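Here the structure is a predicted model, which means the values were calculated and not measured.
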Amino acid sequence: MIKSPRVTAGNSDITDADVLLTGATGFIGAFLLAELLTSTPSRVHCVVRAASRVAVIDRLRQAQAVYGLDEPDWDRIEAVPGDLTARNLGLDQRRFAALAQQVTTVFHAAAHVNLVLPARMLDAVNVEGTRTILRLAGNRGATVHFLSTSEVFGHADGSVDEDTVPQGRFAPTSGYGQSKRAGELLVLQAHRDGLPVVVHRLDRIAGDSRTGACQPRGDDFWLLVRTALDSGVLPEASVNVTPVDFAARAVLALAATAPPAGWPITHIHHPCPVPMTDIAAVLGSAGRPTKVLPVPEWSAALEELGDRPGSDPVMRLLPVIASRVLGGNPQFLAPRTEALLRGMGLQCPTVDTATVDRYVAHLRSTGFLSAPTSTISA
């Protein structure tokens, strides 16, 4: 149990503070780092798995470049070689204690994301790493912003909002969702013990709305789009995608307010799902004619293609992709969060065909959307 004194709302101020950021080399973490350096004067301590400070800087530079972000202000970054799975983040006791004394706000964005592995293989980072972060924050009552996911809810009909508890019929079904829920429970226990915390649950995160920079691998939605290059078909459905640049801005905007006195959870997502017809239109304009079919016909088409020699291995993931993207998930609502963001003048950018076109162009430039090997007539 985390024991820490109750702190004032002033501890959540990130306008002039030492901020600890984990996961800065990941997708959302890279954008959080860029946003912190752009919108606040804070000094950012980045804990990154690396052997030296030079190696940390190299990894941070690579992540910023991959996602088309500007070169950061290195004078405001404190590189911290560490390991979330190790005791005291892999730091000696003196360095860990000094860091705990410096930090006033923590953004814990690091996570082991894998949609196939069982929870026990993800807990070292997602649960024990979170426990270590809370222990560090509890030293002086630093505010913790824990980035979670809509994956903490299982596959069930209905809707979930900031007050919904991920249990019962809404209990997570994936190992990743289970391990993130376990991390949430630790954070919420710390809240009950007096530590100022906020859990930010993010829905499916898409690319930068301005540049199209995406993280396609491991994202079942983009894997589904990739199947369209071979099959020429997409399912008749709509998918929620939240631009990563908006998600980062929203987290920091919410972090600038005092931690909620009640249930400290926010939901960040796009209120308007993207219809597959928009995806098909963009692929068609790029020279990949794509039809939108009812889900049963789409599934049958991909199963037929997946049996062909030399087909994209992604086809074998069809059952997982279909269940995770197309249905069975509760509707993810954010009434309280959206009201807060509206009050701050923040609105999620429209994800229209022009935005999708930028996403597809980026994915083509990285080679993720390669030339089709075969086509199904539908």
side-chain contact (heavy atoms from CB on, under 4.5 Å) between Ile28 and Val244, worked out: CA-CA 6 Å; Ile28 182 67; Val244 65; 3.9 Å; yes
Derivation and outcome, side-chain contact (heavy atoms from CB on, under 4.5 Å), residues Leu36 and Val19: CA-CA 9 Å; Leu36 277 165; Val19 171; 4.1 Å; yes
Criterion side-chain contact (heavy atoms from CB on, under 4.5 Å) on His362 and Asp208, from CA distance to verdict: CA-CA 10 Å; His362 173 81; Asp208 190 326; over 6 Å; no
Audit row: Cys46, Leu33, side-chain contact (heavy atoms from CB on, under 4.5 Å) steps and yes/no: CA-CA 9 Å; Cys46 296; Leu33 175 59; 4.0 Å; yes
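Under the side-chain hydrogen bond (donor to acceptor under 3.5 Å, both in side chains) rule, Ser148 has a single partner from His267, Glu184, Lys180, which is Glu184. When each of Val47, Val103, Leu186, Leu84 is paired with Ile133, the side chain to side chain contact (heavy atoms under 4.5 Å, CB included) condition holds for Leu84 and for no other.
For Arg210, the CZ atom is densely surrounded, since the number of other residues' heavy atoms within 6.0 Å is greater than 12. For CE of Met121, the number of neighbouring non-hydrogen atoms (other residues, nucleotides, ligands) closer than 6.0 Å is 12 at most.
One distance of note links CH2 of Trp298 with OG1 of Thr227; it measures 5.5 Å at 0.5 Å rounding. Separating the OG1 atom in Thr105 from the CG atom in Leu21 is a distance of 11.5 Å, to the nearest 0.5 Å. For the atom pair Leu252 CG and Thr40 OG1, the distance stands at 7.5 Å (nearest 0.5 Å). For the atom pair Leu147 CG and Ile205 CD1, the distance stands at 8.5 Å (nearest 0.5 Å). The structure places CH2 of Trp222 at 9.0 Å from CZ of Phe368, a figure rounded to the nearest 0.5 Å. Residue Leu122 holds its CG atom at 5.5 Å from NE2 of His112, rounded to the nearest 0.5 Å.
Considering every non-hydrogen atom in both Gly23 and Ala110, the closest pair reads N-CB, 3.5 Å. Considering every non-hydrogen atom in both Leu346 and Arg249, the closest pair reads CD1-O, 3.9 Å.
Between Asp203 and His270 there is no side-chain heavy-atom pair separated by less than 4.5 Å. The shortest distance between side-chain heavy atoms of Glu71 and Arg61 falls below 4.5 Å. Using a 4.5 Å cut-off on side-chain heavy atoms (C-beta onward), Thr164 and Phe153 make contact. Within the 4.5 Å cutoff, side-chain heavy atoms of Phe96 are placed close to those of Arg135. Residues Phe107 and Val251 have side chains in contact (heavy-atom distance under 4.5 Å, counting atoms from C-beta outward). Side-chain contact check for Ile279 versus Val360: every heavy-atom pair is 4.5 Å or farther apart. For the pair Val44 and Glu78, the minimum side-chain heavy-atom distance is 4.5 Å or more. Taking 4.5 Å as the limit, every side-chain heavy atom of Val274 sits out of range of all side-chain heavy atoms of Asn240.
With respect to the salt-bridge test (charged N to carboxylate O, under 4.0 angstrom), the residues Glu151 and Arg181 do not qualify. Looking at Asp161 and Arg336, no side-chain N of the basic residue comes within less than 4.0 Å of a carboxylate O on the acidic one, giving no salt bridge. Looking at Arg201 and Glu162, no side-chain N of the basic residue comes within less than 4.0 Å of a carboxylate O on the acidic one, giving no salt bridge.
One hydrophobic cluster holds both Val241 and Val225 under the rule that ILVMFWY side chains link at heavy-atom gaps under 4.5 Å. Linking ILVMFWY residues whenever their side-chain heavy atoms come closer than 4.5 Å, directly or via other members, leaves Leu202 and Val160 in distinct clusters. No continuous path of hydrophobic side-chain contacts links Phe332 to Phe246 [ILVMFWY only; heavy atoms under 4.5 Å].
Using modelled atom types and a 3.5 Å distance limit, the side chains of His155 and Asn329 yield a donor-acceptor pair. Side chains of Asp193 and Gln189: a donor-acceptor N/O pair is present below 3.5 angstrom, by distance only. Residues Thr266 and His200 have side chains that bring a donor and an acceptor to within less than 3.5 angstrom of each other. If you check the side chains of Asp352 and Thr350, you find no donor sitting under 3.5 Å from an acceptor. For the residue pair Asp70 and Gln64, no side-chain donor N or O sits within less than 3.5 Å of a side-chain acceptor on the partner.
The six-membered or imidazole ring of His145 lies away from that of His108, with a centre-to-centre distance of 6.0 Å or more.
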